[in-house]
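From a predicted model like this one, the values you see are computed outputs, not experimental measurements.
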Number of protein chains: 2
Amino acid sequence: MASNALKQPIVRQSLHEELVGLVRELIVDGDLPPGVKIPEKELCERFGVSRTPLREALKVLASEGLVTLTPNRGASASLITIEDLEEVFPVMGALEALAGELACQHMTAREIASVRSLHNRMIEHYRQEQLKPYFQLNQNIHEAILAGSRNNSLIVMYRSLAGRVRRARYFANMSRKRWAQAAAEHEEIISALEARDGAQLADILKRHLQNKFETVSQQLMEMAESVQKPNRASR
Amino acid sequence: MASNALKQPIVRQSLHEELVGLVRELIVDGDLPPGVKIPEKELCERFGVSRTPLREALKVLASEGLVTLTPNRGASASLITIEDLEEVFPVMGALEALAGELACQHMTAREIASVRSLHNRMIEHYRQEQLKPYFQLNQNIHEAILAGSRNNSLIVMYRSLAGRVRRARYFANMSRKRWAQAAAEHEEIISALEARDGAQLADILKRHLQNKFETVSQQLMEMAESVQKPNRASR
DNA sequence: GTTTTCAGTTTTACATTCAACTTTTGGAGT
DNA sequence: ACTCCAAAAGTTGAATGTAAAACTGAAAAC
């Protein structure tokens, strides 16, 4: 009876759950840019499902803040404003700081060493100015610290916020100067983690995110100026 | 054309949205105790709606963590374990601390004065050992500080967590000693707020929540011992 | 030339239906 | 009397249907 426990987990997640993941990916990856309408019919055909599970998925994503539902007018990928970022970043900062503290308590030496190795590889890409892999490793590091908190509620919550702002990332090209700063901050992060100095790590992570926010924010400002009011909801 | 801007906002929230609110209330207020199955049919009849919008609402509540969906076996009010509380409380602590810091920056003198008056009334109820109104004012104070943060994302996120643990409150009768401690902590909270000392306020709030957690946790432990494994999901 | 109006079409919100899975119930065998 | 199996009843997951709201665009009015 327990024989099939070996088989791949037959967790057959329900259709709507799968759709939540798929559509979320579309949005945070920027395939559905902020503000554009999401006609259900189109997505239904794209995924080959009926409207019911898709609509359920959209409701969930709306509660996460990724899509905006307007009564009788359907769904659209949520717009992201500077005000949103101003709100979200401090919250992410608090959460990541907490993650850092907990990670200092809970991570094994082996795990910390593995973060260090991610870090070293990341710095190597920084030196060679390879942005893409740099970003990837960067994200991996933050994910590893998060996982090290051993706190699933924290992780889920952080990911939700991160998803909402990640879309802004596509606008944000780092200046060379900012990049150097970020790399330096990461050096501090690793040091604090290796020293298991939770307070210190929390502090750096918060600062790191704050700086990142300022970069993204400035970029967004410049865009907003040049585009001259991309007008939201005209009424 | 703008004439109807004066009329009450015709926001006619959709059916499913309304249901989310209603069912959420049922759960956090303890009308649907943790672990019990939620047959959709019953709720449908209760609210006089068809299954479609109700199921949408359940999906949303599941993503908030209030209900647990088991494939082909429907929904149930999520169980709440000590481990869950251990996870959630630090996160709430971090968020409330941030709220405190922001509130110190953003609240008007008038608002702070109004919190003070809530506080005074609460202390009066404490002196007279009136638990119910004490609790109510207590919650009002925390809500006011939260609102003072002027950060909607923070508020939404905090409320979501608070909803998940609020159900545990029904087990937690405070000891006289703990009550005195809580009242004292609130005295500190008000002082820090009036001094607009953000760091101090953050610190106290975090401590306050930590103490609260220990009380609730202990209570839960005792219950768990007496009930001897209320067994969750047998397989 | 611009704005308004109104029929036709599309899209959405919700209800209903259908199929698949679970649980229950009844009975046969040990 | 207990266990095991099978058929029925009930519930859930997903598809389809329906009524109403919103968009479109072309003709009429200003």
Which donor-acceptor pairs under 3.5 Å do side chains of residues 34-48 of chain B form with protein atoms, sequence neighbours excluded?
{"residue": "B:E40", "atom": "OE1", "partner": "B:R51", "partner atom": "NE", "Å": "2.7"}
{"residue": "B:E40", "atom": "OE1", "partner": "B:R51", "partner atom": "NH2", "Å": "3.2"}
{"residue": "B:E40", "atom": "OE2", "partner": "B:R55", "partner atom": "NH1", "Å": "2.9"}

For nucleotides 11-16 of chain D, give me every protein contact, N/O to N/O, under 3.5 Å, one pair per line with atom names.
{"residue": "D:dG13", "atom": "OP1", "partner": "B:N72", "partner atom": "N", "Å": "3.4"}
{"residue": "D:dG13", "atom": "OP2", "partner": "B:R55", "partner atom": "NH1", "Å": "2.5"}
{"residue": "D:dG13", "atom": "OP2", "partner": "B:R55", "partner atom": "NH2", "Å": "3.4"}
{"residue": "D:dG13", "atom": "N7", "partner": "B:R51", "partner atom": "NH2", "Å": "2.9"}
{"residue": "D:dG13", "atom": "O6", "partner": "B:R51", "partner atom": "NH1", "Å": "3.3"}
{"residue": "D:dA14", "atom": "OP1", "partner": "A:L15", "partner atom": "N", "Å": "3.0"}
{"residue": "D:dA15", "atom": "OP2", "partner": "A:S50", "partner atom": "N", "Å": "3.0"}
{"residue": "D:dA15", "atom": "OP2", "partner": "A:S50", "partner atom": "OG", "Å": "2.4"}
{"residue": "D:dA15", "atom": "O5'", "partner": "A:S50", "partner atom": "OG", "Å": "3.3"}
{"residue": "D:dA15", "atom": "N7", "partner": "A:T52", "partner atom": "OG1", "Å": "2.8"}
{"residue": "D:dT16", "atom": "O4", "partner": "A:T52", "partner atom": "OG1", "Å": "3.3"}

- Task: Please determine if B:E64 and B:R24 form a salt bridge, counting it only when a charged side-chain N lies under 4.0 Å from a carboxylate O.
- Result: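 Looking at B:R24 together with B:E64, the answer is yes, because their closest N to O distance falls below 4.0 Å.
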- Is any side-chain N of the basic residue among B:R150 and A:E87 closer than 4.0 Å to the acidic one's carboxylate O?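 So B:R150 does not pair with A:E87 through a salt bridge.
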- Message: Ignoring hydrogens and geometry beyond distance, is a side-chain donor-acceptor pair present between A:S76 and A:T68 at under 3.5 Å?
- Response: no
- For B:R121, what residues pass the salt bridge (Lys or Arg N to Asp or Glu O under 4.0 Å) criterion, not counting sequence neighbours? none
